[in-house]
Asker: 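I am attaching a structure below and will ask some questions about it afterwards.
Since we're looking at a predicted model, the values are computed, not measured. First the proteins, then the strands, lettered A, B, ... as listed; each starts at 1.
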There are 2 protein chains.
Amino acid sequence: MEATLLLVDDEPKVLDVMSLFLKGEGFRILTARTGREALQMTEEHRPDLVVLDWMLPEMSGLEVCRELRKSYSVGIIMVTARTEEADKIVGLEVGADDYITKPFSLRELAARIRSVLRRVQGRTEEPQVLRRGDLTIDEAKFRVWKGDQEVILTPTEFKILVTLAARPGTVYSRLQLLEAAMGESYWNYERTIDTHVSHLRKKIEDDPSNPKYIQTVYGVGYRFGDRL
Amino acid sequence: MEATLLLVDDEPKVLDVMSLFLKGEGFRILTARTGREALQMTEEHRPDLVVLDWMLPEMSGLEVCRELRKSYSVGIIMVTARTEEADKIVGLEVGADDYITKPFSLRELAARIRSVLRRVQGRTEEPQVLRRGDLTIDEAKFRVWKGDQEVILTPTEFKILVTLAARPGTVYSRLQLLEAAMGESYWNYERTIDTHVSHLRKKIEDDPSNPKYIQTVYGVGYRFGDRL
DNA sequence: GAGCGCCTTCAACAGTTTTTCAAAACTGTC
DNA sequence: GACAGTTTTGAAAAACTGTTGAAGGCGCTC
């Protein structure tokens, strides 16, 4: 659920600073230095949102914006140094989703990016309550009950459980579970999952050595039992 | 169920562009160029929401906003030219429902208008007094009692409390709470929330180190206890 | 308009909880 | 039985939270 951003600016230094910060905020980052490159990158990688400098060599940000709007439903944030009224009006007509004027703080940029992404992506599906056997898993409340007894899970345990319980019977590899639990930028030892599963079983299974909820598929991964 | 908007700006061109677009989005549109005119139009036509430029001749947007708040329960979106002014507005308890900085996109404006309308229209229906355990929270009066003892909260503390108490059990991330407390364009340090929560707990919890109202969910955020 | 006080932000630090990792013990498969 | 994959354990590392105090902004009062 990590969003991909395309940053477009002709100054390498600006790109560097923005990339670094936004990566730290959990976004996947692409960069381009010219309008042409921006269009090409958009075609190839389909980012969720483009941060577009107004002043670009060759093709102005304005033109790039128009082009993007023609062919893609990507979010666009224009970065501009000018504040004159004329620009505002033109800007309004071009169809960017938001504007930000230099100088701006990186935090503000991140905030606006999130705000536009929310709007562009529309509402995410509502979290629900899963019932599996005598387990109740409430995604919105981040809570789990076994019968009427609440079970306290750590964030990672919770995510693994939700992932598995969402599709009983489906086998997930350790890599898939790692991704589900940590996001895609995991760099971890796959076997860490084993440890989490072990802890989970202790908390939710009647008999952890003979699990009915989280079952091992030898040589493949884990699955949530579908006969409870 | 078409909503009526009153657009207030001293520049005819801006009014034109906005009117055109917003009509296309299905709103009924009124316009005014001065604060005085805005107040008069409001009195006569009772719009659902006013989009108010900060910089107006004669009477500033700020004053107009205060006047509107005195007599009407209309939604208000302030339009400001600079981020510094936006800061001010947040700091000030002006009473606008949202604010947007120039240059902005028409899409964003429309999105915010809808969002404010949703909120404003709910304003009359929703019960305004929340009772949770021995807490009484009066949203309309901005006051909170613990038992029959009034608790004095700051504006930010109050908004955080209301957000959490509105849905006991639901977990909110720090980002969501920031948003709820400061509006959509916040760009602050997430952990500022921790400080507010710490202050809140000192004021409303019997035992702040073992909170029953505002509970922390490790790695996720905070929630309002649902077993009081 | 200077001084005061309240509110908010933010960095630093300590204390806590969670996650990772490696080793050893164990189990399943052929 | 040999081999490969899995479970458990405990300790170190990392991540997260609570709290404090300082700094800055703003309104209010005198």
Asker: What integer distance in Å separates B/Asn210:CG from C/dT16:P?
Answerer: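 Distance check: B/Asn210 CG to C/dT16 P gives 14 Å.
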Asker: Protein within reach of the bases, or only the backbone? For nucleotides 17-30 of chain C, mark each nucleotide 5' to 3' as B, S or -, using heavy atoms under 4.0 Å.
Answerer: BSSBB------B--
Asker: Between atom NZ in A/Lys202 and atom C1' in D/dT9, what is the gap in whole Å?
Answerer: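 Atom NZ in A/Lys202 sits about 8 Å away from atom C1' in D/dT9.
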Asker: Nearest-nucleotide wise, let me know which of B/Val220 and A/Gly219 is further upstream toward the 5' end of DNA chain D.
Answerer: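 The answer here is A/Gly219.
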Asker: Check whether any side-chain heavy atom of B/Thr156 lies under 4.5 Å from a side-chain heavy atom of B/Met182, and answer yes or no.
Answerer: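 Heavy-atom side-chain distance check passes, below 4.5 Å.
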Asker: Which residues pass the salt bridge (charged side-chain N to carboxylate O under 4.0 Å, His left out) test with B/Lys146, sequence neighbours left out?
Answerer: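 With sequence neighbours excluded, B/Lys146 shows a salt bridge (charged side-chain N to carboxylate O under 4.0 Å, His left out) to B/Asp134, B/Asp206, given in chain and number order.
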Asker: Verify the distance criterion only: is there a donor paired with an acceptor across the side chains of A/Thr216 and A/Arg201 at less than 3.5 Å?
Answerer: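 The criterion, which ignores hydrogens and geometry beyond distance, is satisfied for A/Arg201 and A/Thr216.
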Asker: B/Leu200 has an atom CG; how far is it from atom P of D/dT17, in whole Å?
Answerer: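 Checked: the CG to P distance equals 17 Å.
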Asker: Please tell me if the side chains of A/Leu109 and A/Ile113 come closer than 4.5 Å, counting only heavy atoms from C-beta onward.
Answerer: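 Yes - at least one pair of side-chain heavy atoms lies under 4.5 Å apart.
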Asker: Name the nucleic acid region contacted by B/Tyr222, choosing base, sugar-phosphate or nothing; use a 4.0 angstrom heavy-atom cut-off, strictly under.
Answerer: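 Sugar-phosphate contact only - B/Tyr222 comes under 4.0 Å of backbone atoms but never of a base.
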Asker: Between B/Ser198 and D/dG18, is there a side-chain N or O to OP1/OP2 distance below 4.0 Å?
Answerer: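 Checking D/dG18 against B/Ser198, no side-chain N or O comes under 4.0 Å of OP1 or OP2.
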Asker: List for me each residue that meets salt bridge (charged side-chain N to carboxylate O under 4.0 Å, His left out) alongside B/Arg36, sequence neighbours excluded, and say none if there are none.
Answerer: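 Residues passing salt bridge (charged side-chain N to carboxylate O under 4.0 Å, His left out) with B/Arg36: B/Glu58.
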Asker: Rounded to the Å, how far apart are B/Ile193 CD1 and C/dT9 C1'?
Answerer: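 Going from CD1 in B/Ile193 over to C1' in C/dT9 covers 11 Å.
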Asker: Taking CD from A/Glu190 and P from D/dT6, how many angstroms apart are they, rounded to a whole number?
Answerer: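 The distance from CD of A/Glu190 to P of D/dT6 comes to 10 Å, rounded to the nearest Å.
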Asker: My understanding is that only residues two or more places apart in sequence, or in another chain, count here; which of them pass salt bridge (charged side-chain N to carboxylate O under 4.0 Å, His left out) with A/Glu139?
Answerer: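 A/Glu139: no salt bridge (charged side-chain N to carboxylate O under 4.0 Å, His left out) contacts found.
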Asker: Looking only at side-chain N and O atoms, does B/Lys159 come under 4.0 Å of OP1 or OP2 in C/dT8?
Answerer: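 Checking C/dT8 against B/Lys159, no side-chain N or O comes under 4.0 Å of OP1 or OP2.
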Asker: For the pair A/Asp97 and B/Arg107, evaluate salt bridge (charged side-chain N to carboxylate O under 4.0 Å, His left out) and give the outcome as yes or no after the intermediate values.
Answerer: CA-CA 6 Å; A/Asp97 293 287; B/Arg107 280 190 201 179; 3.2 Å; yes
Asker: Considering only distance and modelled atom types, tabulate donor-acceptor pairs under 3.5 Å from the side chains of residues 221-228 of chain A, sequence neighbours left out.
Answerer:
| unit_1 | atom_1 | unit_2 | atom_2 | d |
| --- | --- | --- | --- | --- |
| A/Arg223 | NE | A/Gln215 | OE1 | 3.2 |

Asker: Report the distance from atom CD of A/Gln215 to atom C1' of D/dT6, rounded to the nearest whole Å.
Answerer: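 That distance rounds to 15 Å.
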Asker: May I ask you to test the B/Trp145-B/Asp138 pair for a side-chain heavy-atom distance under 4.5 Å?
Answerer: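 Side chain of B/Trp145 against side chain of B/Asp138, heavy atoms only: contact under 4.5 Å found.
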Asker: Enter the inter-axis angle for the ends of the helix from C/dG1-D/dC30 to C/dC30-D/dG1 (five pairs per end, rounded to 10°).
Answerer: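 Answer for the end axes of this duplex: 30°.
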